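Note that the structure is a prediction, hence the values are computed from the model and not measured. Proteins get letters first, then strands, A, B, ... in listed order; numbering begins at 1 in each.
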Amino acid sequence: MQYFLMKSEPESYSIDDLARDRVTPWEGVRNYQARNTMRDVMALGDVVFFHHSGIAEPGIVGEGRVASLPHPDETQFDPTSHYYDPKSTREYPRWYCVDVAYVCTYPRTLTLKELGNDSALVGLSLTKRGNRLSVMPIDPAHGAHLQHLSN
DNA sequence: GCCAACGTTGGC
DNA sequence: GCCAACGTTGGC
């Protein structure tokens, strides 16, 4: 079992939205590295840390689980979608995603600030300066520590 | 709202 | 294939 982290601006999609929906396709990722992680690395049942970005106290707010095999991101085919990609075709889809199922909301936010000061999390790419990846793998030891912190 | 980081685009 | 310009992300 592997650990990953996915970022979202709560204004656009929050952990509460996922709690309500139970499962959602993680659409709208338009970065090749992030796509490759979803398409080639993730497996059913893997743990996903849910990170809120773009707010005063960014941090990890809960957990999800990979709930599907990779599949084409439908929004790339939709001309009315913000994520429409005219260069993508049904035959050769450019963008893939996985479904993410809700697991839990943490009783408190694991703030970026806190995580950046934790000696057990040295090397965590989330807290590296300039990191913009919205989907990233998390080292197993770091993942276990994050779950420990959330209790 | 600023700006660092970094991915993408397009001219050459 | 280089690289400048531009756009986006996201913390602060």
Is it the case that the side chain of A/Gln76 and the backbone of A/Trp95 share a donor-acceptor pair, with hydrogens and angles ignored and the cut-off at 3.5 Å? yes

If we only count heavy atoms from C-beta on, is the A/His71 to A/Cys97 side-chain gap below 4.5 Å? yes

Same cluster or not: are A/Ile138 and A/Val103 linked, directly or through other Ile, Leu, Val, Met, Phe, Trp or Tyr residues, by side-chain heavy atoms under 4.5 angstrom apart? no

Linked hydrophobic residues, A/Val61 as query - side chain contacts closer than 4.5 Å: A/Phe4, A/Met6, A/Tyr13, A/Ile15, A/Leu18, A/Trp26, A/Val29, A/Met38, A/Val41, A/Met42, A/Val48, A/Phe50, A/Val66, A/Val98, A/Val100, A/Tyr102, A/Val135

Quick note, ring pair (Phe, Tyr, Trp, His ring centres under 6.0 Å) partners involving residues 115-151 of chain A, not counting sequence neighbours, are none

Would you confirm whether A/Ser88, through its side chain, and A/Arg94, through its main-chain N or O, come within 3.5 Å as a donor-acceptor pair? yes

At a cut-off of 3.5 Å, list every protein nitrogen or oxygen paired with a nitrogen or oxygen from nucleotides 8-12 of chain C, distance to 0.1 Å.
{"from": "C/dT8", "atom 1": "O2", "to": "A/Arg132", "atom 2": "NH1", "distance (Å)": "2.4"}
{"from": "C/dG10", "atom 1": "OP1", "to": "A/Lys7", "atom 2": "NZ", "distance (Å)": "3.4"}
{"from": "C/dG10", "atom 1": "OP1", "to": "A/Arg132", "atom 2": "O", "distance (Å)": "3.2"}
{"from": "C/dG11", "atom 1": "OP1", "to": "A/His51", "atom 2": "NE2", "distance (Å)": "3.2"}
{"from": "C/dG11", "atom 1": "OP2", "to": "A/Gly54", "atom 2": "N", "distance (Å)": "3.1"}

Transitively linked via ILVMFWY side-chain contacts under 4.5 Å: A/Leu112 with A/Met136? yes

Write down the protein N/O and nucleotide N/O pairs, taken from nucleotides 3-6 of chain C, whose separation is under 3.5 Å; answer none if there are no such pairs.
none

Residues at least two apart in sequence or cross-chain that pass side chain to side chain donor-acceptor pair (under 3.5 Å) with A/Tyr3, listed by chain then number, are A/Gln147

For DNA chain C, find the residues of residues 73-87 of chain A with a heavy-atom distance under 4.0 Å and give them by number; none if there aren't any. none

To the nearest 0.5 Å, tell me how far A/Leu149 CG sits from A/Leu121 CG. 6.5 Å

Strictly below 4.0 Å, N to O, side chains only: are A/Arg30 and A/Asp73 in salt-bridge contact? yes

